[in-house]
Amino acid sequence: VDTQLPSVAEEFPNDPDADTVYRDEGGDIPLKFTPLDPAPGTPLTCGYKLDGENFVPAGSCTNEALFNGFIEIAGLLDGRHSVVAAVRDSAGNEGVSDGAVSFIFDNDQILRVDDDGIQFPNPDFDNISDAVEAAIANDTILVFDGTYGEDVNIDKTLTLRSENGATVTTIQGQNAASLLGAVTINADDVTVGEVGHGFTINGVGQAGVYVQGSRTGLSLAGNTVEAADNKNAFLTEGGQSDFTISANTFQGDASQLVYVNGQASVATPSTNVDFTGNIFAGTATGPALGQEAADSTIEDNIFTTATPWAV
């Protein structure tokens, strides 16, 4: 009677990759590992155990030969999962990999972030930056309550929103040398926040929110944006177009609380950068709102900034 347990070679995982987002449209998830059998010649079945559940066979395999199979996505729930590779011989002896691999399956284009896993247990990510890096165009990153100490660089078209709003969801900038704001916009058609689902953004470097390069289609709504010390709450380079900036509060001790650069300052025109329903608070040595974008709307805003300027 064969009582010797098969095993999985130490180099697992060959696949799946840890912390990788696999998507519904990508089909079944690759599973690659090398089975080992101390009684060679015994027929082997390779498979996996997902989230601590029962063995799922994925195909026949051979001792010391790389197995190429798949984790089936049919019925797989959206979110983070843990998988171990497993191998069984014909006598029913079973061996599993020493460690599990954690990966994310996404079938709704929403990546969920929770720093402590309290509001959303077993989140896709525990920080915003990793979620942005893993996202693809047009994804939504949904952030649960917490204080996120990081500089967020948004370099693709996506939506960044909080679950419960700015009073309980904070991005605390860290002043990374490579970035110019707590949130830096480096792509077109980015959405940061919405009414009731924004962030408190505490500025570092040049600004709370910094728009780098010539961008179009930014929506910034429902946020409380604190100026970087004696700098800006919101600052753009030239060449901006078709922005909607609404229902935000801009505050802090600033030089220019909010400034949209354009033809006058940087010789690159900006157009249609609209400010509606915002609150301009705090203090500034320059304007509360410096606006160089042509054909823009400024309406229904409240200005309480202590400054020698208004707009």
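Please read all numbers here as calculations on a predicted model, not as lab measurements. For the single chain, residues carry numbers from 1 onward in sequence order.
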Checking side chain to side chain donor-acceptor pair (under 3.5 Å) for the pair S90/T42: CA distance, chi angles, key distance, verdict?
CA-CA 7 Å; S90 58; T42 303; 5.2 Å; no
For E226 and N202, what are the C-alpha separation, side-chain angles and deciding distance, and is it a side chain to side chain donor-acceptor pair (under 3.5 Å)?
CA-CA 5 Å; E226 184 84 15; N202 292 327; over 6 Å; no
Would you check, one step at a time, whether the test side-chain contact (heavy atoms from CB on, under 4.5 Å) holds for S241 with N272?
CA-CA 5 Å; S241 62; N272 298 107; 5.6 Å; no
Walk me through whether V152 and V132 qualify under side-chain contact (heavy atoms from CB on, under 4.5 Å).
CA-CA 8 Å; V152 178; V132 171; 4.2 Å; yes
Apply side-chain contact (heavy atoms from CB on, under 4.5 Å) to residues V8 and L36 and explain how you reach the verdict.
CA-CA 6 Å; V8 174; L36 303 175; over 6 Å; no
Evaluate the criterion side-chain contact (heavy atoms from CB on, under 4.5 Å) for residue pair V192 and V209; output intermediate values, then yes/no.
CA-CA 10 Å; V192 178; V209 177; 5.8 Å; no
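Applying side chain to side chain contact (heavy atoms under 4.5 Å, CB included) to L160 and the options D139, I128, V113 leaves one that passes, I128. No option in I71, D17, L50, D15 other than I71 meets the side chain to side chain contact (heavy atoms under 4.5 Å, CB included) test with I29. Checking T157, L220, I185 one by one against V190, the side chain to side chain contact (heavy atoms under 4.5 Å, CB included) holds for a single residue, I185.
For the atom pair CG of L158 and CD of Q109, the computed distance is 10.5 Å after rounding to the nearest 0.5 Å. From L142, atom CG reaches atom CD1 of I110 across 6.5 Å, with rounding to the nearest 0.5 Å. To the nearest 0.5 angstrom, L44 atom CG is 12.5 Å from R88 atom CZ. The line from CG of D124 to CG of D106 is 7.0 Å long, rounded to the nearest 0.5 Å. Atom OG1 of residue T271 and atom CZ of residue F243 lie 9.5 Å apart, to the nearest 0.5 angstrom. Here the straight-line distance linking atom CZ of R161 with atom CG of N223 works out to 12.0 Å at 0.5 Å rounding.
Shown here for K156 and A187, the closest heavy-atom pair between the two residues is N-CB, 3.3 Å. The minimum heavy-atom distance linking P35 with T62 is given by the pair CG-O, 3.3 Å. Contact detail for P123 and D114: the closest heavy-atom pair is CG-O, 3.5 Å. Closest approach of A86 to V96, counting heavy atoms only: CB-CG1, 3.9 Å. Minimum interatomic distance between Q174 and D151 (heavy atoms only, all atoms of both residues): N-OD1, 2.7 Å. In terms of heavy-atom proximity, P287 sits nearest to W309 at CA-CB, 3.3 Å.
When only modelled atom types and interatomic distance are considered, S129 and E150 share a side-chain donor-acceptor pair under 3.5 Å.
For the pair K49 and E94, the salt-bridge criterion is met [side-chain N within less than 4.0 Å of a carboxylate O]. A salt bridge links R80 with D19: at least one charged nitrogen is closer than 4.0 Å to a carboxylate oxygen.
Identified under the ring-ring contact (aromatic ring centres under 6.0 Å, His included) test for residues 70-106, with sequence neighbours left out: Y22-F103, H81-F103. Judged as a ring-ring contact (aromatic ring centres under 6.0 Å, His included), the pairs with a partner in residues 278-301 (not counting sequence neighbours) are, in order, F250-F280, F280-F303. Residue pairs satisfying the salt bridge (charged side-chain N to carboxylate O under 4.0 Å, His left out) criterion with at least one member in residues 227-252, sequence neighbours excluded, are absent. Evaluation of the salt bridge (charged side-chain N to carboxylate O under 4.0 Å, His left out) test over residues 272-300, restricted to residues two or more places apart or in two chains, returns none. A ring-ring contact (aromatic ring centres under 6.0 Å, His included) check over residues 185-218, counting only residues at least two apart or in different chains, returns nothing.
Between the side chain of Q291 and the backbone N or O of I298, no donor-acceptor pair lies under 3.5 Å. For T307 (side chain) and G286 (main-chain N/O), a donor-acceptor pair under 3.5 Å exists by modelled atom type.
S255 has its side chain out of reach of N230: every pair of non-hydrogen atoms, C-beta onward, lies at least 4.5 Å apart. Looking only at side-chain heavy atoms (C-beta outward), V260 and F275 come within less than 4.5 Å of each other. With contacts defined as side-chain heavy-atom distances shorter than 4.5 Å, the pair L289/L257 does not qualify. Here the side chains of R23 and I136 are in contact, with some heavy-atom distance below 4.5 Å. When side chains are defined from C-beta on, T244 does not count as touching L218, because their heavy atoms never get closer than 4.5 Å.
Within a 6.0 Å radius of CD in E72, no more than 12 heavy atoms belonging to other residues, nucleotides or ligands are found.
The side chain to side chain donor-acceptor pair (under 3.5 Å) test applied to S219 returns no partner, not counting sequence neighbours.
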